[in-house]
Trainee: 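Following this message is one structure expressed as structure tokens.
Residue numbers start at 1 and run along the sequence shown.
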Amino acid sequence: MLLITSAYSLKPKQMSEAQIKSLEEEFEARIARDEKIEPKDWMPEKYRKTHIRQMSQHAHSEVVGMLPEGNWITRAPSLRRKVALLAKVQDEGGHGLYLYSATETLGITRDEMYEQLHTGKAKYSSIFNYPAVTWADIGAIGWLVDGAAIINQVALCGTSFGPYARAMVRICKEESFHQRQGYEITLKLAQGTPQQKAMAQDALNRFWWPSLMMFGPADDDSPNTAQSMKWKLKRKTNDELRQQFIDQTVPQAELIGLTIPDPDLKWNEKKGGYDSGEIDWDEFWQVVKGHGPCNKERMKARVNAWENGEWVRDAALAHADRQQERKEKQAV
Ligand code: FAQ
């Protein structure tokens with residue numbers, strides 16, 4: 001019998017084809033039984049790599065996602081709004097940290113992940129390359145961006161890789177607070193003066209389509225979906241989640257008297273959901289490839305933060321070394 005204790009203890013190169021096949025079959029059977037795969041379990045190299053790709057990109061999105069809203073903390077219109085926004089932005093940083101830690105269990109270091117982000121090798125969500133130009137945008141980000149993030153992430157609570165699934169359970173709880181605070185900001189503006197309502201509508205107009213793009217390309221153009229569905233990394237496809245978001249969000253807009261900026265939006269009785277207009281996929285790919293309104297600004301902010309924080313990292317490491325030395329001396 002073949003005993004495997006760690007994903008890294010026996011590399012595929014050292015195994016015979018028959019051994020690998022048997023491990024793969026056992027792995028697929030575990031996925032079929034809806035068992036969670038844990039970091040020390042054997043897994044196909046492609047499973048490990050695709051998780052590192054998606055999870056690290058997810059972590060980068062959380063951290064880059066702090067920037068558009070962070071920019072509004074000092075300008076929030078009241079102390080209450082400031083406190084809530086500050087807490088929300090901190091939460092997003094925390095989500096990034098859980099996700100980086102969960103990704104590290106797959107054998108990549110945090111420094112490697114940062115390097116991939118800073119050199120443009122790794123992606124982060126397209127949505128954060130759009131600017132937050134008015135206070136109403138902070139409402140729209142909470143309502144729509146966090147709303148879309150939750151729909152995606154509730155599905156990921158059932159993902160097959162244990163550390164990712166567990167991180168998602170906690171993150172979803174916090175995201176639902178974020179979505180509500182965003183909807184409440186938008187609601188208050190929609191019930192305010194005509195100028196305030198116009199601001200809320202303008203924010204919805206600018207954030208609606210980019211929010212739909214968050215779910216990724218249409219299923220037919222999504223190279224990763226088929227395999228990720230088989231491995232239960234994804235539990236729903238990009239289009240299924242996008243449809244769920246539209247069906248959930250349209251009544252929320254109607255309730256507060258705002259109009260979704262899509263002339264083709266129409267309830268389809270037969271499918272029990274809305275039909276909607278075509279997404280501008282050229283715009284989506286332009287933003288993904290680095291040519292969105294704020295891509296350069298966002299990367300510059302992250303790289304500066306990394307470089308300016310070097311002395312903090314060095315000091316923390318020197319402190320940890322000294323503590324360790326002291327402990328070792330005391331033990332002698
Ligand atoms: N932006 O084959 P697929 C949040 C890339 S968290 C940029 O369909 P996949 C919280 C994709 O990476 C938001 N790139 O890929 C918050 C792939 O390129 P690659 C982040 C995108 O992975 C709120 C290529 O296109 N959430 O918002 C995008 O199967 C407020 C082909 O696409 C997550 O990351 C995009 N929108 O499906 C924080 C959730 N879409 O890697 C602050 C986890 C696709 O092959 C404030 N991720 N691409 O070079 C996922 O569910 C999936 O990765 C998808 C993409 C659905 C995003």
Trainee: Treating Thr50 as the side-chain partner and Lys46 as the backbone partner, does any N or O pair qualify as donor plus acceptor under 3.5 Å?
Mentor: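 No: the side chain of Thr50 does not pair with the backbone of Lys46.
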Trainee: According to a hydrophobic-cluster definition based on side-chain heavy atoms being under 4.5 Å apart (Ile, Leu, Val, Met, Phe, Trp, Tyr only), do Ile150 and Leu144 belong together?
Mentor: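 Per the 4.5 Å side-chain linkage, Ile150 and Leu144 are not co-clustered.
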Trainee: Report the C-alpha separation of Gln54 and Asn224 in whole Å, then their side-chain angles, then the decisive distance to 0.1 Å, and conclude whether the side-chain contact (heavy atoms from CB on, under 4.5 Å) test is met.
Mentor: CA-CA 10 Å; Gln54 178 168 321; Asn224 298 302; over 6 Å; no
Trainee: For salt bridge (Lys or Arg N to Asp or Glu O under 4.0 Å), just list the numbers for Asp239 and Arg242, CA-CA rounded to whole Å, side-chain angles, deciding distance to a tenth of an Å, and then say yes or no.
Mentor: CA-CA 5 Å; Asp239 286 335; Arg242 190 169 11 249; 2.8 Å; yes
Trainee: Atom CZ of residue position Arg53 - does it have more than 12 heavy atoms of other residues, nucleotides or ligands inside 6.0 Å?
Mentor: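 Above 12, so yes.
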Trainee: Within the structure provided, determine whether Trp208 and Thr249 are in side-chain contact (heavy-atom separation under 4.5 Å).
Mentor: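 Result yes, sub-4.5 Å side-chain heavy-atom pair found.
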Trainee: CD/Gln243 to CD/Gln248 distance, rounded to the nearest 0.5 angstrom?
Mentor: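 Rounded to the nearest 0.5 Å, the CD-CD separation comes out at 12.0 Å.
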Trainee: I need the minimum non-hydrogen distance between Val154 and Cys172, along with the two atoms involved.
Mentor: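 Heavy-atom minimum between the residues: N-SG, 3.6 Å.
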Trainee: Please round to the nearest 0.5 Å and tell me the distance separating atom CE of Met229 and atom OG1 of Thr237.
Mentor: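 Here the rounded value is 6.0 Å.
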Trainee: Do you know which two heavy atoms are closest between Phe161 and Ala102, and how far apart they sit?
Mentor: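 Heavy atoms only, the tightest pair is CE2-O, 4.2 Å.
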Trainee: Give a yes or no on whether Lys271 atom NZ has more than 12 heavy-atom contacts from other residues, nucleotides or ligands under 6.0 Å away.
Mentor: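 Atom NZ in Lys271 is crowded, with more than 12 foreign heavy atoms closer than 6.0 Å.
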Trainee: Could you check if a side-chain atom of Gln227 sits within less than 4.5 angstrom of a side-chain atom of Lys230, using non-hydrogen atoms only?
Mentor: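 SC-SC contact between Gln227 and Lys230 confirmed.
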Trainee: Quick one: NE2 on His291 to CD on Gln286, what's the gap to the nearest 0.5 Å?
Mentor: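 That separation rounds to 5.5 Å.
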Trainee: Do Tyr274 and Ile260 pass the side-chain contact (heavy atoms from CB on, under 4.5 Å) test, and can you show the C-alpha distance, the side-chain angles, and the key distance before you say yes or no?
Mentor: CA-CA 12 Å; Tyr274 284 90; Ile260 302 285; over 6 Å; no
Trainee: Asp264 versus Asp275: any side-chain heavy-atom pair under 4.5 Å?
Mentor: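 Asp264 vs Asp275: side chains apart.
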Trainee: Does any part of the side chain of Leu99, heavy atoms only, come nearer than 4.5 Å to the side chain of Tyr164, both counted from C-beta?
Mentor: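 In contact.
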Trainee: For Lys236 and Gln244, indicate whether the former's side chain and the latter's backbone hold a donor-acceptor pair under 3.5 Å.
Mentor: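 Flag not set: sc Lys236 to bb Gln244 has no pair under 3.5 Å.
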Trainee: Determine whether Leu212 and Tyr183 fall in the same hydrophobic cluster, where Ile, Leu, Val, Met, Phe, Trp and Tyr are linked whenever their side-chain heavy atoms lie under 4.5 Å apart.
Mentor: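 Yes, same cluster.
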Trainee: Could you check whether any side-chain N or O of Thr159 sits under 3.5 Å from a backbone N or O of Ala155, counting only pairs where one atom can act as donor and the other as acceptor?
Mentor: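 No.
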Trainee: Carefully, step by step, assess Gln201 and Asn205 under the rule side-chain hydrogen bond (donor to acceptor under 3.5 Å, both in side chains).
Mentor: CA-CA 6 Å; Gln201 182 62 54; Asn205 293 349; 2.8 Å; yes
Trainee: Check for me, please, whether Val133 and Val287 land in the same ILVMFWY cluster - side-chain distances under 4.5 Å, paths through other members count.
Mentor: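 Each belongs to a different hydrophobic cluster.
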Trainee: Please determine whether residues Phe128 and Trp285 belong to a single hydrophobic cluster, defined as Ile, Leu, Val, Met, Phe, Trp and Tyr linked transitively by side-chain heavy-atom distances below 4.5 Å.
Mentor: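 Result: yes, single cluster for both.
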Trainee: Apply side-chain contact (heavy atoms from CB on, under 4.5 Å) to the pair Ser101 and Arg110, showing each step before the final yes or no.
Mentor: CA-CA 8 Å; Ser101 299; Arg110 205 170 289 209; 3.0 Å; yes
Trainee: Atom NZ of Lys88 and atom CD1 of Ile138: how far apart are they, to the nearest 0.5 Å?
Mentor: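 Output value for this atom pair is 8.0 Å.
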Trainee: State the CD-CH2 distance between Glu283 and Trp209, to the nearest 0.5 angstrom.
Mentor: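 CH2 of Trp209 is found 10.5 Å from CD of Glu283.
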Trainee: For Arg170, does the CZ atom sit with more than 12 other heavy atoms under 6.0 Å from it, leaving out its own atoms?
Mentor: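 No, because the 6.0 Å sphere around CZ of Arg170 holds 12 heavy atoms or fewer from other groups.
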Trainee: Any link between Phe245 and Trp267 through a network of hydrophobic side chains (Ile, Leu, Val, Met, Phe, Trp, Tyr) touching at under 4.5 Å?
Mentor: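 Yes; Trp267 is reachable from Phe245 via cluster members.
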Trainee: Mind running salt bridge (Lys or Arg N to Asp or Glu O under 4.0 Å) on Lys21 and Glu25 for me, showing each step along the way?
Mentor: CA-CA 6 Å; Lys21 195 159 182 290; Glu25 279 168 7; 3.1 Å; yes
Trainee: So, for Met214 and Ser125, which heavy atoms are closest and what is the spacing to 0.1 Å?
Mentor: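 Closest heavy-atom pair between Met214 and Ser125: CG-OG, 4.0 Å.
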Trainee: When you compare the side chain of Asp146 with that of Phe177, does any pair of heavy atoms fall below 4.5 Å?
Mentor: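 No, too far: nothing below the 4.5 Å cut-off.
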Trainee: Does Thr186 reach the side chain of Gln252, with side-chain heavy atoms less than 4.5 Å apart?
Mentor: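 No, their side chains stay 4.5 Å or more apart.
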Trainee: Which heavy atom in His95 sits nearest to a heavy atom in His178, and how many Å separate them?
Mentor: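 Of all heavy-atom pairs spanning His95 and His178, the closest is CE1-CE1, 3.9 Å.
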Trainee: Looking at Lys188 and Glu184, does any basic side-chain N land under 4.0 Å from a carboxylate oxygen?
Mentor: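 Result for this pair is yes, salt bridge flagged.
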Trainee: Measure the spacing between CD of Glu174 and CD of Glu92 and express it to the nearest 0.5 Å.
Mentor: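 Here the interatomic distance stands at 8.5 Å.
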Trainee: List the steps and the verdict of salt bridge (Lys or Arg N to Asp or Glu O under 4.0 Å) for Arg33 and Glu26.
Mentor: CA-CA 11 Å; Arg33 290 195 297 269; Glu26 173 53 19; 3.6 Å; yes
Trainee: Lys82 vs Ile73, test: side-chain contact (heavy atoms from CB on, under 4.5 Å). Steps then yes/no.
Mentor: CA-CA 6 Å; Lys82 203 185 283 276; Ile73 292 170; 4.3 Å; yes
Trainee: Tell me whether Ser160 contacts the main-chain N or O of Trp231 through its side chain, where contact means a donor paired with an acceptor under 3.5 Å.
Mentor: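 Between the backbone of Trp231 and the side chain of Ser160 there is a qualifying donor-acceptor contact (under 3.5 Å).
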Trainee: State yes or no: are the ring centers of His60 and Tyr100 separated by less than 6.0 Å?
Mentor: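 Close enough - the centres of the two rings lie under 6.0 Å apart.
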Trainee: If you define the side chain from C-beta out and look only at heavy atoms, does anything of Arg48 sit under 4.5 Å from Ile52?
Mentor: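 In short, these two side chains touch, coming nearer than 4.5 Å.
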Trainee: I'd like to know if the side chain of Gln116 reaches the main chain of Lys121, judged simply by a donor and an acceptor atom lying under 3.5 Å from each other, with no hydrogens or angles considered.
Mentor: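 Side chain of Gln116 to backbone of Lys121: no pair is present.
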Trainee: Any side-chain donor paired with an acceptor under 3.5 Å for Gln324 and Glu328?
Mentor: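 Their side chains do contain a donor-acceptor pair, which is all the 3.5 Å distance test asks for.
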Trainee: Where the side chain of Trp143 meets the backbone of Leu204, is there a donor-acceptor pair that is under 3.5 Å apart?
Mentor: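 Flag not set: sc Trp143 to bb Leu204 has no pair under 3.5 Å.
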Trainee: Indicate yes or no for a side-chain donor-acceptor contact from Asp247 to the backbone of Gly273 under 3.5 Å, with no hydrogens or angles considered.
Mentor: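 No; judged by distance alone, with no hydrogens or angles, the pair does not exist.
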Trainee: Looking at every non-hydrogen atom in both residues, tell me the closest pair between Val250 and Leu265 and how far apart they are.
Mentor: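 Looking at all heavy atoms of both residues, the shortest contact is CG2-CD2, 3.7 Å.
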Trainee: Between Glu325 and Arg322 (salt bridge meaning N to carboxylate O under 4.0 Å), is one present in this structure?
Mentor: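 Here Glu325 does not pair with Arg322 in a salt bridge, since their nearest N and O are not under 4.0 Å apart.
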Trainee: Please report whether the ring centroid of Trp42 lies less than 6.0 Å from that of Tyr47.
Mentor: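 Distance test on ring centres: not under 6.0 Å, no.
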Trainee: Does the Asn238 side chain pair with the main chain of Asp219, one donor and one acceptor, at a distance under 3.5 Å?
Mentor: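 Not confirmed, Asn238 side chain does not pair with Asp219 backbone.
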Trainee: For Gly292, is there any backbone N or O sitting under 3.5 Å from a side-chain donor or acceptor partner on Asn295?
Mentor: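 Yes: the side chain of Asn295 pairs with the backbone of Gly292.
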Trainee: Heavy atoms only: give me the nearest Ala132-Ile141 pair and the separation to one decimal.
Mentor: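 Here Ala132 and Ile141 meet closest at CB-CD1, 4.1 Å.
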Trainee: Pairing donors with acceptors under 3.5 angstrom, does anything connect the side chains of Asp262 and Ser276?
Mentor: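 No, no side-chain donor-acceptor pair sits under 3.5 Å.
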Trainee: I want to check something: taking the side chain as every heavy atom from C-beta on, are Trp72 and Val89 in contact at a cut-off of under 4.5 Å?
Mentor: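 No, every pair of side-chain atoms sits at 4.5 Å or beyond.
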Trainee: Got a donor-acceptor contact below 3.5 angstrom from the Glu69 side chain to the Asp137 backbone?
Mentor: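 Between the backbone of Asp137 and the side chain of Glu69 there is no qualifying donor-acceptor contact (under 3.5 Å).
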Trainee: For the residue pair Trp306 and Tyr114, categorise the inter-ring angle as parallel (less than 30°), tilted (30 to 60°) or perpendicular (more than 60°).
Mentor: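 Tilted, since the angle between the ring planes falls between 30° and 60°.
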Trainee: What's the verdict on salt bridge (Lys or Arg N to Asp or Glu O under 4.0 Å) for Lys234 and Glu240, showing C-alpha distance, side-chain angles and the deciding distance?
Mentor: CA-CA 11 Å; Lys234 279 180 162 180; Glu240 284 167 350; over 6 Å; no
Trainee: Do the side-chain N and O atoms of Tyr130 and Arg206 include a donor-acceptor pair separated by under 3.5 angstrom?
Mentor: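 There is no such pair (donor and acceptor under 3.5 Å, judged by atom type) between the side chains of Tyr130 and Arg206.
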